[in-house]
Every structure is written in structure tokens, then in C-alpha cells.
Amino acid sequence: MGHLNLPASKRNPRQWKLLDLVTATFFGLVFLFFLLVFTPLGDSLAASGRQTLLRSTSDPRQRHRLVALIEAGQNAQPIEACPADEVDHMPCEDPRRNSQLSREMNFYRERHCPPVEDTHLCLIPPPDGYKISVQWPQSLHKIWHANMPHDKIADRKGHQGWMKKEGEHFIFPGGGTMFPEGAVQYIEKLGQYIPIKGGVLRTALDMGCGVASWGGYLLKEGILTLSFAPRDSHKAQIQFALERGVPAFVAMLGTRRLPYPAFSFDLVHCSRCLIPFTAYNASYFIEVNRLLRPGGYLVISGPPVQWAKQDKEWADLQAVARALCYELIAVDGNTVIWKKPAGDLCLPNQNEYGLELCDESDDPSDAWYFKLKKCVSRTSAVKGDCTIGTIPKWPDRLTKAPSRAVHMKNGLDLFDADTRRWLRRVAYYKNNLNVKLGTPAIRNVMDMNAFFGSFAAALMPDPVWVMNVVPARKPSTLGVIYDRGLIGVYHDWCEPFSTYPRSYDLIHVAGIESLLKLPGSSKNRCNLVDLMVEMDRILRPEGTVIIRDSPEVIDKVARVALAKRGTSMYSERQYHVLWLPNIASLLRNVSAFQIFKHIAFTALHLGRQATCKIDLAFLVLAGAGISIQLCFAERIWAVRSQKGDGPFQPGRVSVIATISELYSLRKRVVGGVSYSRLQQLQPEGGKSSAGGGN
């Protein structure tokens, strides 16, 4: 039987509707596909979706997706600024979160970091009216009020010489609660009893430091003081200290050891710090004893020393000192000075306070989230002699290998090689990378992966101080750093650092990827995006970051850095901070990403198509801008604008790309600006060197 063919007009109307619907849907999807792939609309919609992720990262899955987009370089929009009320935000010292915790032994005032999924992925903005910090040494005496407009300390402590407001500045007369006439006179008084001059003492710890005037005025005596205080009711004590250019750190002596190695400070000072040294079976005095070098000095001014109605507390304090065999040097008014003995021998023989030595298995330098112990650390537990009088005087101790280094495997060779390496590299930074080391523009410096502290040692002729950070999961070399007369802390870079925003002018890190990984493993414990957002938090506007690693890692860093640029809080119009300080002028209607592509393509077009081995990879982040210099085995290239008839005025412009990005970029002309080769710079030492630093 044959098929019956009906005319079109005789077909079922329902069949027509279904066929039309399927056909229209198919062609609609094809049209939409071509529209999204081959027109700017697709890019716009994708960018909008990524921006939605930026605004909503409370969902851990969304946050993870956003981090993955940034690491892959696929987010077209920069990371947003945090709300204006978070200008002083410290994630691990957040009073809104920590106030719910126990008050016992001030536990609630210690570090308590939120889970990473509870943190917002945003950049901390500066306060309204922020100005570039007053430069050292003028900053010791005055800072801009607008940079930290907190008047509480000035109102409450102004009569004691802490600080006062004058016009647009906070003025620091140099006084303190126990030395209202000034730190200079107070230091002179202490010098009658302890060797302030002559290089015998170098490292000092100031507990409950206020605005750190004591440490600031000790610098001229060659004594480097690390001042600490918690984030407390006075608000911003440490922030004021750092803005003044004085070494400082947010910490609380509560339930845990302070994050410093054993027997590292030549001098420990408390001026009305109100630490209950004899409470909890003298746990706090025992912690001070752990930090103080054999032969070092302890100074306590204020309660309970000969203080009215505190006779028992004063008697208990003296009893603990006797139990630890401390030598009483002087009691001058409300100030007492003790000297720590050189060994442990007398403790078991005369102990009126019931103190005992720790087991020989105890490592007294284990101090990252380590609970306080009620036993006394043995000086013999540290390999090598760190006693004052046997270690070299300052500045000789900076360059002589400490005994703690010598007792490490191949320690002496490692120390000598590391010292020479960083002398060469720092000279290269200054001469070839145009980093403003040695100028007043850089005062507060951090080394995120310090090892022996040789980077800081190489900076010693410059007017800087360096916070040397030894990662908590790496070999404990922080004791060597202190033996050299430098300062630092333990820290795990998978957590935020204990400091206020806008603390450092320069951040240096060699081997950034190693800070993220489990020791001996290729698996990451945390991600690069969060680490670089944290670096942005503690970096000052117009500050500089130097990251030293393999080319592959630098490529990842570059993608994350691009996501941080262009945020409105860094615009020249609002805060007088340039995106790219090496560029004299930048039209506001030209995006930073266009400039990035244009300069990178120009570098490629001018003959940078080398396929030779990369010798060294640097990333220099200048403020919120970027300057990635390509380093080849033969040479390093830079580019300069030749005319001022486009979006740039004449001035030096650094190449902004890594090799893989250079090959993928299309030509994009911005304002018809032409570039030509400026100079050929030789790599440091003229030899190949490892990118990992240590």
C-alpha cells in the first residue's frame, strides 16, 4: 500500500506548531551561541557574572569559583574594595568576633583567625583624605592625622606626653606614662645601670609599648626594639607606632607563647604594661625568662614596683626573680632592673616559688600557637652559646656566623653563602630595578621568607628596619636572625598577619609558592589569591612588593595582580596615589588593562621574541600598579615612551608581561604612542641564579 500524500494545507495544524517551535529553538540557540562567542556582549555578560561573584563570596563554593577564575586570569573586573568601615580591619584581631570568647588569661585578645570561607575577598581601602606617610626621620615626631583619625589616645594621654593633635598632624613629644618628661631622659636614667651604649645590647622587647616612643628613641643608641601591644580600648597603638616608622607588632601575652624564639632579646622592658607577672604560677614571668638572653636585662617601671597598696604584688615579684636567680641591679623609684643569670644551675638549689626546669625534650623556641608552660626553659636546650658577653657586640654580630647557625648541618657554609648572595641581590635591586631602597621613601620593610635574615642584613646601611618573618612550617632559623642583631616573628602565611592595614612600604618574598604548600609536598594548603590580598592589606599606597620565584609562579602571580589593579580607591583623583608610578601621566579614559596590553605587545614587537632560558623572574608591584620585568640569561629589557602626544608623558615604563602572555597578546594601539628600546641591563652577577632565594 502506498503512502497517502496530502497537500500542505491538509496537514494537521498541531504538527505545524511543533515543527516550527523546534526549528525556531534550534536556530535561536545557534544565533545566541554566535552572539556570545563573537561579539562583545558575551564578554560583558561573563564579566557581569564574575562581578556578581565578587560581591557575594559568603557561599564557600562561590568563593572557590571566584578564586579559581582569578588564578586563571579569567576575571575581567578587578577585585572590589571592602566597605569603608573596614579601613583598619585586622581579620585575626577583630573585636566584633573575638569579644564572644573567654576572658580567662585574656584569651579573647589573642589571635583568632576566621575560617577562610568566612572572609570577604576584597581590598582594604584607605581612610578618606589619606596622604602619603611622612618620611623618616620626621615621622618619629609627627604623622598625618587623616591617615589614622583616632583621637582617643591624644585626648586621654596627651598630658603624659604620648601625643597631641596640632592642625593636620599628630605630634609625638616622646613621653610616656612612666616618663612624661620624655623618653630621652628616661633612657639616660636607665643608662646609669645597664650598658645602653657601646654595642653590648642590640635587641630589645617593649611590652605594652603605647605609641613606641621608648623604642623609637633607642634607635640612635644602636638598639633595635620590637614593640608590641594588643588591639585594645586605646585603638591603634601599634598603628601609630608603625606610621611613625618604629618596629611594632600586634600581640597579647595571654595563654600562648609570644611568636619569638628562645633567648633572643638582650633587654626586655615594661613601662606600666600592667602584665600580672606572678599570676598563674608566674607563667608570664616564665615567658619573659624564655625570651631574655642569659646575661640580659629586665626593666619594669610602674605597678607593682614600690607602688601604693601593692606591697604583696611587689613582694611576690621579687620572690619570683629570686627563684629564677636574677641579680637585682637597682630599684630607682618605681623602676626595678634585674640581670638574668648565665645558666640554670641555681634554680634547683634555691627555689622559694616552686619553679621547675622543663624536660630536656622541650624546645623553648617552639612558639607558634604554643601554650604557655609553667616550667622554666633550659638554656642548654638551645644549641650554641647566646649569652651576652660571649656573643659579639653590635655591629660585629651582624656578619659573624652565630653559634646557632654553626650547629646546623652545613650551617657555616650556608650562612656565608646566603650573606654573599643577598648582598649581591640587594645591590641589583637598587641599581637595576629602580627600587627606592636607601631613600626616605622606604622605611618599614617586611621579608616574608627570611631564612637567615641576609636580605635584612644587606639593607643595614639604609634608613630602614626589616620585619623578618620565618614561616612556622619551615626550619626554625629565627634564633639565628636575632643572634645577628635583627628582629622578626614566626608566622603561617595561610593566615592573616598580626598588623594593621597600610603598615609596610616594601614587602619582599623569595619563593612565594613555598609559603602555600605542605612541607615536602606539592599540594597547596591555601591559595595565592588570599595571600596576595593579604599582602595588599598590609602594603601602604605607593608601596612596593618584590616577589622572587620561578617563571611559572611569576606567571600565576601576574594573573592575580591584574585582578587587584584598577580599584577606585587607588585612583589618582581620589587619593593622589598613581596606579603606575613609573608613568608620569595617565588619561583617565584609558583602562590600565589596555596600557598593559599595549606596552607588552610593543616589547614583543621590538624584538623580545627570545626563546632562551629565563634566568631570573621578578615581579615588582608598585602600589596598586604592576611592573613585571622580563629577565633572560643574556639581558633584561626596559621600554621608554618617546613622545608625550598620547596618554603618556615622557618617562620610564617597565615591561608588563611574562613570556607566555607576550605571545598571546594582540596588538592594541593606544593614542598612537611609539616606543623604542631604552637600555639593556645585565642580570645580577652576570650568571644564572636560582629563583627561589633560599
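Aromatic ring centres of Tyr490 and Tyr369: separated by at least 6.0 Å. Centroid-to-centroid, the aromatic rings of Tyr260 and Phe265 come within less than 6.0 Å.
Tyr482 has its side chain within reach of Ile487: a pair of non-hydrogen atoms, C-beta onward, lies under 4.5 Å apart. Between Pro259 and His491 the shortest side-chain heavy-atom distance does not fall below 4.5 Å. With contacts defined as side-chain heavy-atom distances shorter than 4.5 Å, the pair Ser514/Lys474 qualifies. Inter-residue side-chain proximity for Arg502 and Pro541 is flagged as met; some heavy-atom pair is nearer than 4.5 Å. Side-chain contact check for Glu287 versus Leu291: some heavy-atom pair is nearer than 4.5 Å.
Asn527 places a side-chain N or O within donor-acceptor distance of the main-chain N or O of Asp530, the cut-off being under 3.5 Å. Side chain of Tyr500 to main chain of Ala236: a donor-acceptor pair is present (N/O by atom type, distance under 3.5 Å, no hydrogens or angles). Arg559 places no side-chain N or O within 3.5 Å of a backbone atom of Gln74 that could act as its donor or acceptor partner. In this structure, the side chain of Gln237 engages the main chain of Gly210 through a donor-acceptor pair within 3.5 Å. Although no hydrogens or angles enter the test, the distance criterion places a donor-acceptor pair under 3.5 Å between the side chain of Glu110 and the main chain of Thr255. Counting only distance, with no hydrogens or angles, the side chain of Trp162 and the backbone of Ile153 share no donor-acceptor pair below 3.5 Å. Although no hydrogens or angles enter the test, the distance criterion places no donor-acceptor pair under 3.5 Å between the side chain of Glu93 and the main chain of Ser498. Within the 3.5 Å criterion, the main-chain N or O of Leu437 finds no donor-acceptor partner in the side chain of Asp462. The backbone N or O of Ile132 lies less than 3.5 Å from a partner atom in the side chain of Trp144, making a donor-acceptor pair. No donor-acceptor pair closer than 3.5 Å links the side chain of Arg272 to the backbone N or O of Gly176.
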Q: Before giving the answer on side chain to side chain contact (heavy atoms under 4.5 Å, CB included), spell out for His145 and His169 the whole-Å C-alpha distance, their side-chain angles and the decisive distance to 0.1 Å.
A: CA-CA 5 Å; His145 176 269; His169 295 95; 5.9 Å; no
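Test Phe497, Tyr504, Phe228 against Phe249 for ring pair (Phe, Tyr, Trp, His ring centres under 6.0 Å) and you get one pass: Phe497. When Glu542, Glu243, Arg244 are each tested for a side-chain hydrogen bond (donor to acceptor under 3.5 Å, both in side chains) with Ser133, only one passes: Glu243. Of the listed residues (Arg525, Arg473, Arg111), just one forms a salt bridge (charged side-chain N to carboxylate O under 4.0 Å, His left out) with Glu495, and that residue is Arg111. For the side chain to side chain contact (heavy atoms under 4.5 Å, CB included) with Ser503, the qualifying choice from Leu242, Val250, Ile238 is Leu242, the only one to do so.
Ring geometry, His269 versus Trp214: the interplanar angle falls under 30°, so the pair is classed parallel (tilted spans 30 to 60°).
Using a cutoff of 4.0 Å between basic side-chain nitrogens and carboxylate oxygens, Arg443 and Asp505 are not scored as salt-bridged.
The 12-atom threshold is exceeded at CZ of Arg103, counting heavy atoms of other residues, nucleotides or ligands nearer than 6.0 Å. Counting heavy atoms of neighbouring residues, nucleotides and ligands inside a 6.0 Å radius, atom CD of Gln138 exceeds 12 of them.
Closest non-hydrogen pair, Arg231 versus Asp88, comes out as NH1-O, 3.1 Å. Ile538 approaches Thr499 most closely through the heavy-atom pair CG2-CG2, 3.5 Å.
Between Tyr429 atom OH and Thr544 atom OG1 the span is 12.5 Å, to the nearest 0.5 Å.
For Gln135, the side chain to side chain contact (heavy atoms under 4.5 Å, CB included) criterion is met by Pro440, Ala441, not counting sequence neighbours.
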